[in-house]
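These notes concern the structure reproduced below.
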Amino acid sequence: MKASEFLNYMNWVVVGDVLNPEKYAHKILKALEHNGYKVSGVNPKVTDGQAYNSLEEVPYDIEILDLCINPRAGLEIVKKAKEVGIKNILIQPGAESEEILSYCRDNEINAVQGCALVELRNRSEKEK
């Protein structure tokens, strides 16, 4: 599966620093919202209710997990993703690690390295 094919799914979650406008997780979340996707932010460090604290809290079936977090923390998120039944993970540049990729291969999770912002831009250019 290619990163561009993930855009065919409508239910997303972005994991990372989704509340900080300077960070890519926030920019990705807003771009997906702007393009009509159902998307929520998850940040394990947030406890004030502005984002979900865990994947289990998201109240809908997640089709795509957009991983935009440090790889050390990302591996734990990927393990949780398997527990909640997420089958597709888009791994943003800087969030990848061999451990994450290996875990996904071993657990039949479609893990693709790519950038949601680039894929959204490419799709909108093709539609022009």
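Small disclaimer: the values here were computed from a predicted structure and weren't measured.
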Do K2 and E5 sit within salt-bridge range, that is, some charged N less than 4.0 Å from a carboxylate O?
no
Salt bridge between R105 and E98, side-chain N to carboxylate O under 4.0 Å?
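The answer is yes: the pair qualifies as a salt bridge.
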Any residue meeting ring pair (Phe, Tyr, Trp, His ring centres under 6.0 Å) with Y37, in chain and number order, not counting sequence neighbours:
W12
Distance-minimising heavy-atom pair for [X] and [Y]:
| X | Y | answer |
| --- | --- | --- |
| E119 | S4 | OE1-CB, 3.2 Å |
| G114 | A3 | CA-CB, 4.4 Å |
| A25 | V14 | O-CG1, 3.6 Å |

Please report the interatomic distance [atom1]([X]) to [atom2]([Y]), rounded to the nearest 0.5 Å.
| X | Y | atom1 | atom2 | value |
| --- | --- | --- | --- | --- |
| E83 | S54 | CD | OG | 10.5 Å |
| K87 | C104 | NZ | SG | 11.5 Å |
| K38 | D61 | NZ | CG | 9.0 Å |

Might you confirm whether atom [atom1] of [X] has over 12 heavy atoms from other residues, nucleotides or ligands at distances under 6.0 Å?
| X | atom1 | answer |
| --- | --- | --- |
| E108 | CD | no |
| K27 | NZ | yes |
| D48 | CG | yes |
| E22 | CD | no |

With distance as the sole test, does E96 use its side chain to make a donor-acceptor pair with the main-chain N or O of G94 at under 3.5 Å?
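Yes; judged by distance alone, with no hydrogens or angles, the pair exists.
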Check for a donor-acceptor pair, side chain of N88 on one end and backbone N or O of E63 on the other, with a separation under 3.5 Å.
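Yes; judged by distance alone, with no hydrogens or angles, the pair exists.
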Is [Y] close to [X] at the side-chain level, that is, under 4.5 Å between some pair of heavy atoms?
| X | Y | value |
| --- | --- | --- |
| D66 | Q92 | yes |
| P93 | C115 | yes |
| N43 | N53 | no |

Shared hydrophobic cluster for L117 and L7 (ILVMFWY, side-chain gaps under 4.5 Å)
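Yes, one cluster joins them.
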Cluster link L120 to M10, ILVMFWY, side chain under 4.5 Å:
yes
Which is it for N11 and I64 under the side-chain contact (heavy atoms from CB on, under 4.5 Å) test, yes or no, and what are the steps along the way?
CA-CA 6 Å; N11 296 332; I64 306 291; over 6 Å; no
Other members of the hydrophobic cluster containing L75, with the 4.5 Å side-chain heavy-atom rule, please.
V13, V15, V42, Y52, L55, V58, Y60, I62, L65, L67, I69, I77, V78, V84, I86, I89, I91, I100, L101, Y103, I109
Take C68 and I28 through the side-chain contact (heavy atoms from CB on, under 4.5 Å) test and state the conclusion after the steps.
CA-CA 9 Å; C68 197; I28 292 164; 4.1 Å; yes
